[in-house]
Amino acid sequence: MSEPPRRIEITEPVTITVDGREVTAQNGEWLIDACERNDAYIPRFCYHPRMEPVGMCRMCLVEVDTGRGPALQPSCMLPVTPGMSVDTTNDKVAKAQDGVLEFLLSNHPLDCPVCDKGGECPLQDQTMAYGPGESRFVEEKRHYEKPIPISETVFLDRERCILCDRCTRFASDVAGDPLIHFIDRGSQTEIATFPDEPFASYFSGNTVQICPVGALTAKPYRFRARPWDLEEVESTCTSCSVGCRVTIQSSRNQLVRYQGVDSDPVNWSWLCDKGRFGHEASNSEDRLREPMRRSEDGALRVAQWSDALGAAAAAIRSVDPSRVAVLGGARLTNESQYAWTKLAKSVIGTDHVDAQLGDGLPAEVVLGLPGASIDDVCAKGGTVLYLGPDPKEELPVLYLRLRHAAVSDSVRIVECSPMRSGLSPYAAASLQYAPGELPALVAALCSGDVPDGGVAGVDADTVRSAAALLDGIDDLSVVVGRANLAETAGVVVDAIDAVRSARPGARYLSALRRGNVRGALEAGMSPGLLPGRTTIATGSATWTEAWGAVPTAAGLDGLGILDAAAEGRLDVLILLGADPLTDAADRSLARRAIAGAGTVISLDSLPSASTLQSDIVLPVAAFGECDGTTTNLEGRVTVLHQKVTPPGTARTDWMIAAELALRLGGDLGVESSQVELWDELVKHSAPHDGLSSAALAAQEDPDGLLLPLDATIELAATTPTNVPPRSADSLRLVVNRTLYDSGSAISHCASSAALVPEASVRLSPADAAAMGLETGTFVTVASSHGSVSVPAVVDPGVPGGAAVVRHNLESVDAGVLVDAADPVCDVRVELR
Amino acid sequence: MIGTTTPAMPTAPGVPAIVSSRFGVADGHTLEGYRSSGSYEGYSALRAVLEMSPSAASEIVKDASLLGRGGAGFPAGIKWGFCPADVWPRYIVVNGDESEPGTYKDRVLMERDPHQLIEGCLIAAYAIGAAQVFLYVRGEMAHAQERIAAALNEAYAAGLVGRNILGTDFSVDIVLHWGAGAYIVGEETALIESLEGNRGMPRLKPPFFPAAKGVYLAPTIVNNVETLSNLPWLFSHSVEEYRSVGTDSSPGTRLIALSGHVENPGIFEVAQGTTTFRELFESELYGNGIRAGHELKMFIPGGASAPWFFPEQVDLPLEGRVVGGAGSMLGSGAVVVMDETTDAVRACLRLVRFFARESCGKCTPCREGTTWEEKILQRILDGHGRPSDLELLLDVADNISPGPYPVASDPANDLDAVPYPPRQTTICPLGPSSVAPITSAIRRFRHEFEDKIVQRDLIPVEGVSVDV
């Protein structure tokens, strides 16, 4: 089987006898793990080191004497006790294993030659190793219609299924989506979904990975390759900032499959489907393959690299550096981010650089708060104040870790969110606050000082009982992020300030969504910032010495850049994988910015609304097509590997930066590989001490190396955001993200594109009743900036006074409602 | 109508009707009937128990050596003592999911004397300090469910169940839960899963011994209907009177559900340990003889999952250890008698098919093995058996229950008994139970199998099923 035993630290060693050898094991661990760790592998199907055992398949029977004489016992459910004596290979054990395999094969079709699992199949492998050699079963096998789709992406072949309970346990116990289960009994038992209810889980692909036979297959991989044709390399998924460790597999220079790797501090071998099936976007026919320039007739035409780069350099060279801005870059590798920061801040000489589009948190908040790792947040018995976005929608595997922490490790989560989230059912308290009023709620929760009329729209009793959970907790873990894109970041910053003053011992995990946004900030991709958690004030000396020149004054941030572009104050706008036209919360600002900027240069791997509006388009290598490193939301640096060559003549982002630097008369100092860039960053950056490329390469586990959690950047004092009161006849807008949106990663992913939900406006039952609305009624949602027409959905998870619209769905452009200049956005909902 | 009796079910001289005294009372199932008829006054025992300490009540049950009547025969008082100290809440679950072929004594207890069971529940709940009693009744037993529901309503209205029972500080709720029809739910851990709303699949013990981790992982005592129905009589009489019936190791009486080829099948309350199978079959009080003109071929002494006995074993007493040593078990008190007209192979298939269809599907050997056994037996009956099939059947059986399987002695062929219980590669004994008829039948009646096996090694393309 592919799952190795969990790495554990032996704190309570006991001696047991395994096949006559005395070995050391951890007291109370499962015998199956202790034996495997001591070179006595016990075959198994149902046991998975990340799930509770069920003892279902009976393959792991061994003979153990637990005081009542030797007996066959399932080693997956037997805790190690001192002096235990176990025989894993004697005749009785061998016969039992032989018997179980013969039973499993009695109804299993021998269609291995056409089965996707053939060649990497635990049933096949263990039959070869432990099986009877031939079957005595001469009766007719079970027959079912096959395969049947149980979701958009997963197919089920019930004839191949050996009923090990792995997929069903995963769905109910790990994902919390109990949408598949056994039906019927005895040999007629089968896996089924509920009638008319597909296995619509964001984590469905994991069941395919852990299926010990070819019963569950995923559409993107079916009949695409044979395991012995696959080449693979380990890497880290960058579709969000959790940084799940993966194996990327290719066949004939095409990415065909990603499999989760068990990184103990991060993903525990799980992946979300958006990450798992992301290779479909990499293989899209639409990939940008050649550079393009806007020709005189206004159309984008394929150009030579030398022409495109020459034009880009000319555009930059011809203007004052203060009229050049770089937006985006959270998708890049650490090395490319460093290269682009160096290019912008040293060679070009502009500080208008921001990896975030005004939808994240200020860099000094992310880098200036004392950090908490995922393990810190999920530590047994801890208390978490969750102020982030819906983790199930934005950071799915972080949701799995938080869910496990709450369900199995007695972690108490106090969640404050604008509407109920995927995490709410597991939170000890879940409070839905009125948009803009989070700081008051957090202050009340931390102080326990709750006015009788309630606070932020939450009634006093609810706040008080939640405050009781936080009372006296000094080592609070706080998860912070942007739960509402229609609300300014200042509101979240004020809430953080409230926690900081009440709980100085609190530690923070910033739940920002974009893949390598943390790496971008560590590399200095933010106005006023320099690499290695330094500012223009604190890092000038170091980086002037390293680079020759650094900016002297802080430039514009993401929203400032868009504003400046819209007002014609920018001549060159460089988009590093950024697509403001579909991704900015304020859609009208983005439109005006792209139209108002002089020359727009876009580096991207897939066409987007913004690349199509650009003047110069430079195709870049995507995930799996370039080497480098990435930094996850905790500050964990892991190595990314190239597996396939980029399409056409696409280049890596850092190569483009290096080439542009040369054309602009500078030099990034990189000769042959990105390793030089990384080692230059490590050499000059104190937090990166010990994270050299050699140190990363020497890592034996898949966990990477964590940047220091303790902050080195001063947090500036902030002015509280003034949130105006809501007028009685309006609702306050919440714009939040969904996992499957109309971003380019999903829209070019064949199997996920169908999962993008229809747009709607979610209203509380009370507001809906007052307006005479029910689910499905078409309404107009209007702010002072624009309006959209959407069907209403009455959702008891929405608090009164709020209207919730999903961000970035093709069917409705919620961004037209929002003005980034306003702290909150009030809307009127009217019948059409 | 109150107190009107139909002919009462007789017991042997000197054997009190401990649990069956109201079987013949037309209105014995009502509160009024329960109070005014039978071998003790209804709910008087409860009144007495509430005046003693819970531990004193437990001691009485322990001293009486009241054996569990569900199948395993474990002393109830000792089981109660397995609840970990100071872990609360505790629950009692009444296993009313009787469904083994041939077993129907609990159904009659629930239909005819529901108050006796309720009083037993209350006494047990008081003794162990249970917060709640779950009365799990098999889904198919609609009449029993209705009777219990009606009795519970009466008892609640009379202040016998619920808050401050009989004006004391003792409060307990009894909840009636209807099963959905699965034999496996008679297994206590599967019953708990079912009660919790999950699929009825057994849990592995350890770690889930219900007394330590049962319903919602709280300490839970699972007792059979008949076990609890003994308590009102025990507490309205004395340990000495209770122990005066039966033997030291098996005191008291048992309800035996006798079926098959006897003249007078039915339910009988007999003294444990002293009554023999011969008395059971032949006494006018009980079976009144094998049906006229026929002779005993074999019998199942304790339900479908018990290995078969043969004429040599008829003089064994109904005593757990004796029957276990002789290669079978008393189990749930179902005795099935088969005379010489019975086809051993068909009987074997009939029983195996039951286990194959009732396998919950959790453990591979049971899920796949029992069905395989059924298919081989069906094929033999269909005339497509192969000489190799008997060894195959025995080896498939060995992969479900490894090692020598319990079986009765066969003096004629100088074969010794293999004592109970069997070993298992499965979590619960359902799969291994399917082996009982196979090993019993093949060891004793191999020739009947061989007669059906056509001497050719052809595999049927389209099977023609023989109706069994």
Side-chain angles (χ1 to χ4, degrees), chain A residues 28 45-46 52-61 63 66 69-74 76-79 81 91-93 95-108 132 135-142 162-165 168 172 178 181-191, chain B residues 181-184 198-208 353 355-376 378-379 384 386 388-389 391-393 395-403 423-427 430-431 457-463:
Chain A
F45 293 106
C46 65
E52 287 294 313
V54 279
M56 187 135 178
C57 73
R58 316 308 285 174
M59 191 62 207
C60 71
L61 290 173
E63 196 172 55
T66 44
L72 290 174
Q73 308 238 33
C76 72
M77 289 191 83
L78 202 61
T81 52
D91 289 350
K92 279 186 212 160
V93 173
K95 179 153 193 313
Q97 290 171 343
D98 197 278
V100 168
L101 278 166
E102 191 183 29
F103 285 140
L104 288 175
L105 289 167
S106 66
N107 275 304
H108 186 84
S135 174
R136 298 172 293 178
F137 189 83
V138 295
E139 328 298 330
E140 190 169 350
K141 295 190 182 219
R142 273 196 300 262
I162 59 167
L163 301 166
C164 68
D165 202 15
T168 42
S172 64
H181 209 330
F182 295 121
I183 59 162
D184 288 341
R185 64 186 173 208
S187 65
Q188 297 302 309
T189 310
E190 55 180 281
I191 301 291
Chain B
Y183 168 63
I184 187 56
N198 303 322
R199 238 177 108 81
M201 283 178 152
R203 298 171 174 174
L204 191 74
K205 351 182 223 192
F208 300 116
R353 180 191 283 170
F355 292 109
R357 303 214 173 157
E358 290 294 342
S359 167
C360 77
K362 186 168 186 176
C363 303
T364 306
C366 172
R367 181 181 70 236
E368 305 294 342
T370 53
T371 309
W372 193 359
E373 290 168 343
E374 182 197 349
K375 286 184 168 174
I376 296 170
Q378 182 72 56
R379 188 158 47 75
H384 299 294
R386 304 170 301 168
S388 59
D389 279 338
E391 292 321 305
L392 176 59
L393 254 181
D395 196 56
V396 169
D398 189 67
N399 284 337
I400 306 173
S401 178
R423 274 167 286 208
Q424 54 199 56
T425 56
T426 50
I427 290 175
L430 189 150
D457 270 332
L458 289 182
I459 308 302
V461 177
E462 261 179 280

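When reading the values below, keep in mind they use all heavy atoms of this one structure, side chains included, and skip hydrogens, waters and symmetry mates. Proteins come first, then strands; the chains are lettered A, B, ... in the order of their sequence lines, and each starts at number 1.
Checked by atom type and distance alone, the side chain of B:Lys375 pairs as donor or acceptor with a backbone atom of A:Glu140 at under 3.5 Å. Under a 3.5 Å cut-off, the side chain of A:Arg185 and the backbone N or O of B:Glu358 do not form any donor-acceptor pair. With A:Arg58 contributing its side chain and B:Cys363 its backbone, the two residues share no donor-acceptor pair below 3.5 Å.
Counting heavy-atom pairs under 4.5 Å between each of B:Arg423, B:Gln424, B:Arg357 and chain A puts B:Arg357 at the top. The candidate with the highest count of non-hydrogen atom pairs below 4.5 Å against chain B, out of A:Pro53, A:Cys57, A:Ala71, is A:Cys57. For the set B:Asp395, B:Ile184, B:Asp398, the entry with the most heavy-atom pairs within less than 4.5 Å of chain A is B:Asp395. Put simply, of A:Leu72, A:Leu163, A:Val100, A:Val54, the one with the most heavy-atom pairs under 4.5 Å next to chain B is A:Leu163.
The two residues B:Cys360 and A:Thr189 have their closest heavy-atom pair at O-OG1, 3.8 Å. Nearest approach of B:Met201 to A:Phe182, heavy atoms of both residues: CE-CD1, 4.0 Å. Nearest approach of A:Ser187 to B:Thr371, heavy atoms of both residues: OG-OG1, 3.0 Å. In terms of heavy-atom proximity, B:Thr364 sits nearest to A:Leu104 at CG2-CD2, 3.3 Å. When all heavy atoms are compared, the tightest approach of B:Ile427 to A:Gly55 is CD1-O, 3.5 Å.
Here the rule is side-chain contact (heavy atoms from CB on, under 4.5 Å) with A:Glu139, and of B:Gln378, B:Glu374, B:Arg379 only B:Arg379 fits it.
Every residue meeting the ring pair (Phe, Tyr, Trp, His ring centres under 6.0 Å) condition with A:Phe137, not counting sequence neighbours, appears here in chain and number order: B:Trp372.
More than 12 heavy atoms of other shown residues, nucleotides or ligands fall within 6.0 angstrom of atom CG in A:Asp184.
For chain A, the nearby part of B:Pro402 is the side chain; its heavy atoms alone come within less than 4.5 Å. With a threshold of 4.5 angstrom between heavy atoms, A:Pro79 does not approach chain B through any atom at all. With a threshold of 4.5 angstrom between heavy atoms, A:Ser106 approaches chain B through side-chain atoms but not through N, CA, C or O. Heavy-atom distances place the side chain of A:Leu61, and not its backbone, under 4.5 Å from chain B. Within the 4.5 angstrom heavy-atom criterion, no atom of A:Asp98 approaches chain B. With a 4.5 Å cut-off on non-hydrogen atoms, B:Ile376 touches chain A through its backbone and its side chain both. Of the atoms belonging to A:Leu101, not a single heavy atom falls under 4.5 Å from chain B.
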B:Glu391/A:Arg136 under salt bridge (Lys or Arg N to Asp or Glu O under 4.0 Å): CA gap, chis, key distance, verdict: CA-CA 11 Å; B:Glu391 292 321 305; A:Arg136 298 172 293 178; over 6 Å; no
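Here CZ of B:Arg203 is found 10.0 Å from CE of A:Met77. Values are rounded to the nearest 0.5 Å. The distance from atom CD of A:Gln73 to atom CG of B:Leu204, rounded to the nearest 0.5 Å, is 8.0 Å.
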